[in-house]
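Each residue takes its place number in the sequence, starting with 1.
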Amino acid sequence: MVFPTVRFDRSSNLSLPVNDPALPPILRSDVVFLGLNPGNVARGGVAPWSMFHTGPKHNDHFIAEAVRDTAYWGSYMTDLFRQVESNSQLVTNNSADIESLLVQIAS
């Protein structure tokens, strides 16, 4: 398995390098890390294949460093709900989002 040698920090680009030919053997579909939903920082748009809430206030680099050199490297990371909201008490249970997630995982 290939691991980046540079440690991740708050300014790291955490988007998935989808055109990298070394990527397919690293990806794991049997482990999924879930966030609840994208926070308000995503209102300006989030790049495709970005990890969780990639933005100026994210802390996703901590997750990236936590799985470095482990069997979980390459696991799928996404949000359970698509609703952009930083207050988790305002996130609504949307069964269509859950169905979409299940389809993504099965693919």
Side-chain angles (χ1 to χ4, degrees):
M1 202 173 288
V2 178
F3 298 99
T5 56
V6 177
R7 300 203 61 82
F8 296 109
D9 62 25
R10 184 174 292 279
S11 63
S12 295
N13 177 359
L14 298 177
S15 59
L16 187 65
V18 293
N19 295 320
D20 186 338
L23 187 62
I26 297 171
L27 296 179
R28 296 192 52 174
S29 60
D30 60 330
V31 177
V32 179
F33 287 92
L34 283 177
L36 180 63
N37 67 301
N40 287 338
V41 82
R43 288 206 191 281
V46 176
W49 297 102
S50 293
M51 274 180 34
F52 284 105
H53 324 113
T54 303
K57 295 183 179 181
H58 74 83
N59 284 314
D60 301 337
H61 59 286
F62 292 125
I63 298 167
E65 286 303 322
V67 300
R68 181 190 296 275
D69 297 323
T70 73
Y72 300 110
W73 187 258
S75 298
Y76 184 45
M77 301 179 78
T78 191
D79 290 301
L80 179 58
F81 298 111
R82 304 305 335 149
Q83 179 182 352
V84 176
E85 175 58 62
S86 287
N87 183 342
S88 62
Q89 293 181 340
L90 299 178
V91 176
T92 56
N93 181 347
N94 184 337
S95 61
D97 287 347
I98 296 170
E99 287 296 323
S100 175
L101 174 63
L102 294 174
V103 168
Q104 290 175 44
I105 293 170
S107 304

Minimum heavy-atom separation for [X] and [Y], please, with both atom names.
X: Gln83; Y: Leu90; answer: NE2-O, 3.1 Å
X: Phe33; Y: Val67; answer: CZ-CG1, 3.8 Å
X: Arg82; Y: Asp97; answer: N-OD2, 2.9 Å
X: Asp20; Y: Ala22; answer: OD1-N, 2.8 Å

Student check: side-chain heavy atoms of [X] and [Y] closer than 4.5 Å:
X: Leu80; Y: Leu101; result: yes
X: Val84; Y: Asn37; result: no
X: Phe81; Y: Asn93; result: yes

Inset, instruction - Could you check Leu34 against Thr78 for side chain to side chain contact (heavy atoms under 4.5 Å, CB included), going step by step and ending with a plain yes or no? - result: CA-CA 5 Å; Leu34 283 177; Thr78 191; 3.6 Å; yes
Legend entry - Residues which pass salt bridge (charged side-chain N to carboxylate O under 4.0 Å, His left out) with Asp30, listed by chain and number, not counting sequence neighbours: Arg28
Inset, instruction - Hey, could you give me the CD1/OG distance between Ile63 and Ser75, rounded to the nearest 0.5 Å? - result: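 One finds 11.5 Å between CD1 of Ile63 and OG of Ser75.
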Legend entry - Co-membership, hydrophobic cluster, residues Tyr76 and Leu36, 4.5 Å side-chain: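 Per the 4.5 Å side-chain linkage, Tyr76 and Leu36 are co-clustered.
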